[in-house]
Amino acid sequence: MTGHALVGTCSWTDRALVTSGWYPPGSRDAEGRLRHYAARFPVVEVDSSYYALPSARNSRLWAERTPDGFRFDVKAFAPLTGHPVTVGALPPGLRPAGPLTARLRPGDLPPDVVAELWDLFDAGLEPLREAGRLGAVLFQFPPWFAPGGPAYDRLAECRARCGDTMAVEFRHPGWFAPDRLPEAVDFLKARDIAFTAVDTVQGLPRSLPPVAPVTSDGLALVRLHGRSPEWGTGSKEDRFRHRYTPEELVPWADRVRRMTEQAERVHVLFNNCCADAAVSAAALMTELLAEDHPG
């Protein structure tokens with residue numbers, strides 16, 4: 001199998017990017033930004049769907065504003081991966097009583113509400129699905145999602161509910177332990193779930209190693225979060241603040257080439273910030289993959 005790599009970023013609407021000057025005059029409204037981005041990269045991650053349910057209207061507009069072959073990877077809504085959510089992020093008919101800013105823990109939502117959230121999330125993606133623009137649904141699990149029986153049950157439940165290409169990203173370092181990773185890889189392979197390889201700073205308690213097993217013939221996913229020393233502890237900007245150098249990306253370019261030998265598609269997405277750091281890194285990775293490096 002010889003697949004191909006698509007390189008992009010984890011958002012095209014990040015405030016730091018929008019204010020960086022990367023979008024030229026005349027391309028700074030919602031339509032112009034997406035058309036400008038899609039003319040330069042073939043894939044992007046929808047990050048907003050983690051914070052609020054995606055709408056069919058937006059999905060339809062995204063499909064209309066991008067060319068054939070463009071792909072959206074969509075991040076699963078926070079409650080579906082066990083993250084807390086504010087009351088105001090839920091649809092009005094599903095909100096419990098209380099302030100809109102109140103935070104709900106995973107166990108606070110009744111099963112029927114969770115089932116409705118799954119249905120609404122799925123419906124919001126239908127226009128992307130119909131247009132052939134849906135790449136994968138990414139389930140990013142929280143740092144407290146440790147390997148073990150309950151976690152595997154949760155993964156199986158997500159697989160049963162997700163009828164699309166599915167990818168998972170683990171943030172708990174235990175999944176990457178030498179005595180744990182083979183079991184996780186076998187589990188994902190058996191269910192055709194794509195493992196998400198990640199790049200983070202090394203040497204911290206929450207650092208994740210740069211391992212890249214391919215667990216699905218259809219898709220492999222790489223998300224590069226930067227090399228910030230505040231990974232796992234600082235503000236959102238501090239955790240992902242980094243500007244990649246060629247020396248840092250060459251080893252990843254080699255890994256991606258090897259991944260394309262095992263998967264039909266490899267999506268390489270940059271989640272570093274700030275300003276234009278992510279799009280600059282994506283452009284650099286695209287250049288590196290075009291070069292004739294030995295694997």
Side-chain angles (χ1 to χ4, degrees), residues 5-24 27-51 62 65-67 70-76 133 135-136 138 140 167 169 171 196-202 207-208 210 212 219-253 255-256 259 265-291:
L6 304 182
V7 182
T9 66
C10 289
S11 175
W12 75 98
T13 60
D14 181 77
R15 182 176 300 177
L17 175 61
V18 171
T19 59
S20 71
W22 187 73
Y23 289 109
S27 298
R28 292 176 180 171
D29 63 343
E31 179 174 357
R33 289 195 301 263
L34 182 52
R35 290 191 184 278
H36 180 81
Y37 177 97
R40 286 151 183 80
F41 299 106
V43 64
V44 77
E45 181 180 293
V46 178
D47 178 68
S48 59
S49 54
Y50 171 81
Y51 301 98
W62 295 339
R65 294 168 178 174
T66 50
F70 190 89
R71 294 291 182 269
F72 292 88
D73 287 351
V74 181
K75 203 170 180 181
R133 299 286 197 278
L138 170 65
Q140 178 193 301
E169 178 178 339
R171 291 286 178 90
T196 300
V198 294
D199 181 67
T200 71
V201 67
Q202 299 300 296
S207 295
L208 306 173
L219 175 72
L221 188 61
V222 180
R223 298 179 84 229
L224 295 102
H225 298 300
R227 305 277 178 92
S228 171
E230 297 193 52
W231 168 257
T233 58
S235 67
K236 180 179 179 181
E237 289 75 16
D238 290 338
R239 292 196 307 273
F240 300 103
R241 190 186 305 278
H242 185 72
R243 189 168 288 272
Y244 278 103
T245 66
E247 293 74 21
E248 291 169 335
L249 292 185
V250 164
W252 274 106
R255 290 186 189 99
V256 170
M259 294 167 82
R265 292 170 291 116
V266 182
H267 290 183
V268 183
L269 296 164
F270 284 87
N271 196 34
N272 58 308
C273 74
C274 293
D276 67 345
V279 292
S280 295
L284 176 56
M285 176 62 85
T286 301
E287 294 175 5
L288 291 173
L289 290 172
E291 296 175 1

Relative to each other, are the rings of W62 and F72 parallel, tilted or perpendicular (30° and 60° limits)?
parallel
Going from CZ on R223 to CD on Q140, what distance comes out if it is rounded to the nearest 0.5 angstrom?
5.0 Å
With under 30° as parallel and over 60° as perpendicular, where do the rings of Y244 and H242 fit, or are they tilted in between?
perpendicular
Give me the atom names and distance for the closest heavy-atom approach of G135 to H267.
CA-CE1, 4.2 Å
How close do L269 and C10 get, heavy atom to heavy atom, and via which atoms?
CB-SG, 3.8 Å
With sequence neighbours left out, the residues meeting side-chain contact (heavy atoms from CB on, under 4.5 Å) with T233 are E230
Is it true that atom CZ of R35 has more than 12 heavy atoms of other residues, nucleotides or ligands lying nearer than 6.0 Å?
yes
With a 4.5 Å heavy-atom cut-off, do L224 and V268 have their side chains touching?
yes
Smallest separation among heavy atoms of F270 and L249, with atom names
CE2-CD2, 3.8 Å
Answer yes or no: is there a donor N or O on one side and an acceptor on the other, between the side chain of T66 and the main chain of A38, under 3.5 Å?
no
Where is the tightest heavy-atom contact between A167 and T196, given as atom of each residue plus distance?
CB-OG1, 4.0 Å
Across all chains, not counting sequence neighbours, the salt bridge (charged side-chain N to carboxylate O under 4.0 Å, His left out) partners of R33 are none
Restricting to side-chain contact (heavy atoms from CB on, under 4.5 Å), what partner residues turn up for T286, sequence neighbours left out?
V7
For the CG atom of N272 and the OG1 atom of T200, what is their distance to the nearest 0.5 Å?
12.5 Å
Using ring-ring contact (aromatic ring centres under 6.0 Å, His included) as the criterion, list what pairs up with W252, not counting sequence neighbours.
none
When every non-hydrogen atom of D73 is compared with those of A136, the smallest separation belongs to OD1-N, 3.0 Å
Sidechain-backbone polar pair: E169 side chain, A197 backbone, donor-acceptor under 3.5 Å
no
Side chains of L17 and Y23 in contact at under 4.5 Å (non-hydrogen atoms):
yes
Applying side-chain contact (heavy atoms from CB on, under 4.5 Å), name anything that partners R239, two or more places apart in sequence or on another chain.
K236
Show the numbers, then the answer: is there a side-chain contact (heavy atoms from CB on, under 4.5 Å) between R265 and V43?
CA-CA 11 Å; R265 292 170 291 116; V43 64; over 6 Å; no
For side-chain contact (heavy atoms from CB on, under 4.5 Å), just list the numbers for W12 and V279, CA-CA rounded to whole Å, side-chain angles, deciding distance to a tenth of an Å, and then say yes or no.
CA-CA 9 Å; W12 75 98; V279 292; over 6 Å; no
Distance-minimising heavy-atom pair for P246 and L284:
N-CD2, 3.8 Å
F240 meets the ring-ring contact (aromatic ring centres under 6.0 Å, His included) criterion, sequence neighbours left out, with H225, W231
Sequence-distant partners of P251, side-chain contact (heavy atoms from CB on, under 4.5 Å), two or more places apart
R255
List for me each residue that meets salt bridge (charged side-chain N to carboxylate O under 4.0 Å, His left out) alongside D199, sequence neighbours excluded, and say none if there are none.
R227
Rounded at 0.5 Å granularity, tell me how far OG in S27 sits from OH in Y37.
15.0 Å
Residues that R241 engages under salt bridge (charged side-chain N to carboxylate O under 4.0 Å, His left out), provided they are two or more places apart
D238
The salt bridge (charged side-chain N to carboxylate O under 4.0 Å, His left out) partners of D47 (sequence neighbours excluded) come to K75
With sequence neighbours left out, which residue pairs that include part of residues 273-284 fulfil the salt bridge (charged side-chain N to carboxylate O under 4.0 Å, His left out) condition?
R243-D276
Run the side chain to side chain donor-acceptor pair (under 3.5 Å) test against R40 and tell me which residues pass, sequence neighbours left out.
H36
